[in-house]
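Heads up: the structure comes next, in structure tokens.
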Amino acid sequence: MSEPTLPKAYDFSTTEKRLYEWWEKSGFFKPVSDPKTPHFDPNQKTFVITIPPPNVTGELHLGHAMFVSMEDLMIRHARMNGYSTLWVPGSDHAGIATQLQVEKMLVREGTSREQVGRAEFLRRTWEWKEKYGGMIYQQIRRLGASCDWDRTRFTLDEGLSRAVREAFVRLYEKGLIYRGLRMINWSPGLKTAVSDLEVEYSEENGTLYYFKYMLADGSGDYIPVATTRPETILGDSAVAVHPEDERYQRFVGKKVVVPILGREIPVIADEYVTREFGTGGLKVTPAHDPNDYALGKKHNLAFISMLDTSAKVNENGGPYQGMDRFDCRKKLWADMKAAGLVIKEEPYVIKVPRSQRGGEIVEPMISTQWFVSIKPLADAALEAVRNGSIKIVPERFTKVYYNWLENIEDWCISRQLWWGHRIPVWYCKDCGEMICTRQDPTVCPKCGSQHLEQDPDVLDTWFSSGLWPFSTLGWPEKTPDLDYFYPTSVMETGYDILFFWVARMIMMGIEFTGKPPFHTVYLHGLIRDEHGQKMSKTKGNVIDPLGVMDEMGTDALRFTLLVGSTPGNDANLSLKKVEANRNFANKIWNVGRFIIGTVEDAPKTASGKPDWTLADSWIWARLQELIRTVDRLFETYQYGEAGRQIYDFLWSDFADWYVEIAKLQMASGGDRAHYTAVTLVRVLDTVLRLLHPFTPFVTEELWGHLKKSAASLKDATPTDGWENALMIAHWPKAQAVEGWEEDKIAAFNRVQDVIRAIRNARTEKKVTPGKRITAIVAAGDHLSVFNDQRKSLTSLAYLDESQLVLTDKITSVPEGALSLLVAGVEVYLPLAGMVDADVERARMEKELAEAESQITRLRGLLSSDFASKAPAALVEKERAKLAAFEETAAKIKAQL
RNA sequence: GGGCGGGUAGCUCAGUUGGUUAGAGCACAUCGCUUACACCGAUGUGGUCGCAGGUUCGAGUCCUGUUCCGCCCA
């Protein structure tokens with residue numbers, strides 16, 4: 001073969017950047033049918049994904065790497081299958097996260113958000129965004145993402161802001177958005193409301209405080225009450241007991257006195273109270289507890305807010321005013337102890353509501369906020385999944401989805417932040433009119449006043465991301481993109497944002513476009529470390545995808561993420577795995593390198609028609625099987641299994657067996673060499689296509705070389721010719737089964753079994769690989785197969801061809817030969833001096849015993865109901881096995 | 001409290017209409033630089049598929065119960 005022009009090991013570092021730039025420059029990332037071009041064909045079927053927008057100033061982590069790999073896989077697969085494929089990239093302004101980063105920067109500068117003011121703060125934030133906002137896109141590119149970068153969107157860009165405005169106004173006009181005083185979760189550190197979803201409950205060691213609620217009548221009687229948050233006593237407006245609790249029935253309707261403050265509050269009866277919990281007496285703080293809030297509404301109690309926006313005690317806290325909530329807890333309790341009101345304290349595990357961001361303890365508070373009446377939207381979103389318009393993969397998440405939407409509460413969408421979409425509502429300072437319009441108002445439509453003031457709040461970031469699948473395509477404008485690409489196809493994202501995002505996109509998609517925004521939701525799992533631990537900076541087990549790519553290549557990382565995961569299940573990632581897949585990339589490279597070199601030296605044409613060898617037929621049949629399997633797996637979203645199948649085929653079937661045999665076939669020269677080269681090229685071409693969505697770089701690079709070297713090889717051209725690039729090449733199409741395949745596969749497997757048996761015997765007898773040995777093979781009915789594969793046998797089992805005897809049956813067993821019985825074939829290895837008769841006899845006896853135990857098992861099986869009830873083909877298979885074991889046993893007996 | 005997922009080789013995991021000798025990678029052992037690849041090749045060791053019942057001719061796979069781990073919801 002000619003001097004190899006390709007490096008010995010795949011060099012991803014120089015390849016990846018070059019290929020990516022070429023792909024992008026060539027316009028391969030764009031849909032083949034594009035409304036923005038003159039040759040647009042509206043009838044061309046589409047495949048569309050809108051990217052889960054990462055935080056605009058965020059940095060790439062494995063979660064991103066996961067979704068990018070998965071979506072790029074889907075996108076590349078669809079593109080190769082002829083869809084007009086669009087993957088819309090973009091990012092999210094991430095209200096809280098970004099604002100916090102900028103605030104931190106301001107603090108470092110010795111100033112603050114409040115000091116610089118709102119306008120300046122926003123200017124600085126945009127500056128920050130411009131500076132760091134492009135980073136994540138570069139990092140996504142490194143993963144090979146084939147997004148249409150010309151369609152990149154940002155949730156705060158002009159178009160999307162218009163979409164948000166339109167969505168808000170429509171909901172407002174429909175009466176589905178309202179402003180009201182409600183109980184919400186308040187983050188004292190951020191000084192903003194957060195939604196229910198943004199609160200996480202952690203179990204922590206706390207204390208249950210028992211104390212006396214003294215009756216106001218001066219009788220000295222009291223109701224014992226237990227609480228985990230004593231400071232909220234300052235906001236109590238009732239004590240509740242169960243109506244059938246005979247301990248306290250007599251108190252119902254009387255008054256009790258709030259400790260320290262001396263306020264008188266009623267004792268009420270409600271079945272909500274659990275008699276078994278604590279003392280059975282419940283203090284009710286309607287303004288600081290969601291359950292008490294409901295009780296307060298029901299019993300018409302006073303709502304006493306006792307905390308300010310920093311969670312310090314306010315004027316309702318009397319002597320405690322100005323104290324921090326936790327200081328107040330201590331002080332109040334001490335004061336109560338002094339007043340003789342304390343009964344006891346006991347350790348208690350409490351569920352502490354913490355902010356998803358930052359982890360501070362959030363306070364349930366009453367506050368004026370904006371809400372979406374979610375029920376009508378939720379009902380439509382439920383229906384879309386129930387009637388199959390949207391399918392969730394894996395299916396089990398549909399139950400989770402139903403459960404959440406069926407019990408959904410109104411969505412608090414206002415945030416007391418500056419970075420975000422400002423709520424499009426103005427208040428007239430003169431008449432109090434509330435104005436919500438698509439255009440900024442200048443005069444009050446009611447009184448004509450020009451003293452208008454816009455609501456200071458911004459919208460929850462998820463409000464804008466909920467519009468993402470259609471706002472990115474131009475909605476509310478009726479753009480050609482929207483018309484052609486919407487609804488999108490698949491929403492691929494992590495199951496952790498099923499509620500946050502997926503459900504909201506479905507609700508808003510149906511509400512605003514009348515159509516579900518996608519037909520399939522594919523949920524992937526979370527990436528954990530190699531022992532299943534969540535990655536975190538504090539644990540120090542974070543794997544940086546950029547570092548991994550630097551070290552082992554993008555393909556290795558992608559393949560690991562894609563093949564190492566099953567839909568909806570968390571996946572553990574270890575560098576060991578990535579390393580194994582880097583090796584796989586290198587394997588691909590080297591198989592390709594060999595084939596390219598081989599093809600260059602092969603006869604470019606043949607003088608006659610193809611005369612396929614058993615190995616040729618076998619690999620071809622296996623390849624067709626592979627394509628069918630991979631197609632089936634892709635249809636059911638089993639990408640990991642599909643990748644594994646290709647991996648096994650390429651490494652085990654193709655590289656380990658076919659390529660080795662092909663070397664021999666090439667040595668024959670002439671037509672044999674020509675057609676072997678053709679087979680090598682066609683198999684490699686097909687496998688590279690199948691593999692491309694998983695490992696785009698190494699496959700593209702190699703394919704380019706293959707194409708060049710195989711261009712002049714007659715009969716090797718793919719059905720649709722050699723396309724300009726692998727990424728836009730056609731996906732392989734499996735040939736229909738022609739009937740010969742099964743026999744060829746079985747015949748080749750027999751040859752493999754014999755070769756393996758000989759290799760095994762050699763190793764056991766410690767025959768060095770360099771030593772060629774003699775063999776006599778009595779192949780019976782399979783003789784022609786072995787004659788055909790004579791060279792393969794010789795080479796792969798390291799035999800001495802000049803002494804190899806292939807025959808149908810043997811009359812006398814050679815003296816001192818090792819005898820192997822495999823798949824109905826007898827093999828004798830006359831290993832002079834290496835065979836110990838006693839040892840051999842023992843080995844043969846062991847084999848006989850094994851065969852006989854199988855015979856017993858199979859006879860039992862075949863005489864049971866199995867024979868009559870199992871499918872005929874299966875029974876036949878077992879009968880054949882039995883026959884084979886019987887034959888083996890008979891032959892061993894003859895030798896013993 | 002309700003729901004979901006997982007428990008398969010030393011480790012990490014596959015195993016999707018139940019088909020009868022359960023697979024891979026890593027690790028380990030022995031051997032080998034045979035001109036694609038030592039990021040390699042050959043061979044081998046290693047599993048009563050959490051436990052107990054059941055359905056079935058046949059169960060890692062379906063059903064019931066149970067235990068441990070994890071997650072979600074309240």
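Chain naming here is simple, since letters A, B, ... match the order of the sequence lines and numbering starts at 1 in each. Bear in mind the structure is a predicted one, so any value in this text is a computation, not a measurement.
- The distance between atom CD of Glu409(A) and atom C1' of C73(B), rounded to the nearest whole Å, is 13 Å.
- Between the side chains of Thr15(A) and Glu701(A), not a single donor N or O lies within less than 3.5 Å of an accepting N or O.
- Using Watson-Crick or G-U wobble geometry with both donor-acceptor distances under 3.5 Å, A14(B) finds no partner in any strand shown.
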Check step by step if side chain to side chain donor-acceptor pair (under 3.5 Å) holds for Gln665(A) and Thr676(A). CA-CA 7 Å; Gln665(A) 297 186 173; Thr676(A) 299; 2.9 Å; yes
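- Residue side chain Lys587(A) reaches the base of C37(B) through a donor-acceptor N/O pair under 3.5 Å, judged by distance alone.
- Across all strands shown, the partner of G65(B) is C51(B), judged by Watson-Crick or G-U wobble contacts whose two distances both fall under 3.5 Å.
- Using a 4.0 Å heavy-atom criterion, one finds that Ala870(A) contacts the bases of the nucleic acid, with or without backbone contacts as well.
- The residue Ala655(A) sits close to a base: some heavy atom pair falls under 4.0 Å.
- Protein atom CZ of Phe584(A) is 16 Å distant from nucleotide atom C1' of C26(B), rounded to whole Å.
- Taking only side-chain nitrogens and oxygens, Asn581(A) never comes nearer than 4.0 Å to OP1 or OP2 of G25(B).
- Mapping Val563(A) and Tyr647(A) onto RNA chain B via the closest heavy atom, the residue that lands nearer the 5' end is Val563(A).
- Comparing C40(B), C57(B), C73(B) by their closest approach to the side chain of Asn583(A) singles out C40(B).
- A heavy-atom distance below 4.5 Å is not found between the side chains of Tyr401(A) and Leu523(A).
- Across G6(B) and A14(B), the matching C1' atoms stand 14 Å from one another, rounded to whole Å.
- Among the nucleotides A14(B), A36(B), C73(B), the one closest to the side chain of Glu641(A) is A14(B).
- With the nearest nucleotide of RNA chain B identified for both Lys663(A) and Thr763(A), Lys663(A) has the one nearer the 5' end.
- We find that CD1 of Ile392(A) is positioned 19 Å from P of G3(B), with the value rounded to whole Å.
- A sub-4.0 Å separation between OP1 or OP2 of A74(B) and a side-chain N or O of Asn407(A) is absent.
- Atom CG in Leu498(A) sits roughly 19 Å away from atom P in G3(B) (whole-Å rounding).
- The side chain of Lys869(A) contributes no N or O atom lying less than 4.0 Å from OP1 or OP2 of G19(B).
- With hydrogens and angles ignored, no donor-acceptor pair under 3.5 angstrom links the side chain of Gln638(A) to the base of A14(B).
- Residue Arg756(A) is in sugar-phosphate contact alone, with no base atom involved, counting any heavy-atom pair closer than 4.0 Å across all strands shown.
- When both pairing distances are held under 3.5 Å, G1(B) makes a Watson-Crick or G-U pair with C73(B).
- Nucleotides C26(B) and U21(B) are separated by 25 Å at their C1' atoms, to the nearest Å.
- Closest to the side chain of Asn760(A), out of C57(B), C40(B), U43(B), is U43(B).
- Nucleotide C40(B) is matched to G32(B) when pairs are restricted to Watson-Crick or G-U wobble geometry with both distances under 3.5 angstrom.
- Relative to the side chain of Val400(A), the nucleotides C72(B), C37(B), U43(B) differ in distance, and C72(B) lies closest.
- Closest heavy-atom contact between Arg229(A) and Pro364(A): NH1-CD, 3.9 Å.
- Nearest nucleotide to the Phe885(A) side chain, out of C73(B), C37(B), U21(B): U21(B).
- Between Trp651(A) and G41(B), a side-chain N or O to OP1/OP2 separation shorter than 4.0 Å is present.
- For Asn749(A) (side chain) and Ile745(A) (main-chain N/O), a donor-acceptor pair under 3.5 Å exists by modelled atom type.
- Annotation: A52(B) and U16(B) have their P atoms spaced 23 Å apart (nearest Å).
- Remark: Lys577(A) is not in phosphate contact with G25(B), judged by side-chain N or O atoms under 4.0 Å from OP1 or OP2.
- In this structure, Tyr798(A) reaches the bases: a heavy-atom distance under 4.0 Å links it to at least one base atom across the strands shown.
- Here U43(B) presents its C1' atom at 13 Å from CG of Asp656(A), a figure rounded to the nearest Å.
- Minimum atom distance to the side chain of Lys766(A) is reached by U30(B), of the listed U30(B), G3(B), A36(B).
- Asp570(A) and Tyr495(A) share a donor-acceptor pair across their side chains, judged by distance under 3.5 Å alone.
- For the pair Lys663(A)/Thr598(A), no side-chain contact is recorded, criterion being any heavy-atom separation below 4.5 Å from C-beta on.
- An OP1 or OP2 oxygen of C26(B) is reached within less than 4.0 angstrom by no side-chain nitrogen or oxygen of Lys576(A).
- For the pair Tyr293(A)/Arg182(A), a side-chain contact is recorded, criterion being any heavy-atom separation below 4.5 Å from C-beta on.
- When the side-chain nitrogen and oxygen atoms of Arg644(A) are compared with OP1 and OP2 of A14(B), none of them lie within a distance under 4.0 Å.
- Atom pair Asn586(A):CG and G41(B):C1' shows a separation of 14 Å (rounding to whole Å applied).
- Within 4.0 Å (heavy atoms only), Arg396(A) reaches sugar-phosphate atoms of the nucleic acid but no base atom.
- Nucleotide A24(B) holds its P atom 13 Å from the CD atom of Gln645(A), rounded to whole Å.
- For Leu561(A) and U12(B), the CG to P distance is 18 Å, given to the nearest whole Å.
- When Watson-Crick and G-U wobble pairs are counted only if both distances are under 3.5 Å, A9(B) pairs with no nucleotide at all.
- Between G10(B) and C28(B), the distance separating the two P atoms is 15 Å to the nearest Å.
- Using a 4.0 Å heavy-atom distance criterion, Tyr402(A) is classed as making no nucleic acid contact.
- Closest approach to the Arg582(A) side chain among G70(B), C39(B), C73(B) is made by C39(B) (side chain taken as heavy atoms from C-beta onward).
- Put simply, Thr566(A) has a side-chain N or O that comes within less than 4.0 Å of OP1 or OP2 on A14(B).
- Nucleic acid contact class of Lys534(A) (heavy atoms, under 4.0 Å, all strands): none.
- Counted by atom type alone, Tyr658(A) and Asp616(A) present one or more donor-acceptor pairs between their side chains at under 3.5 Å.
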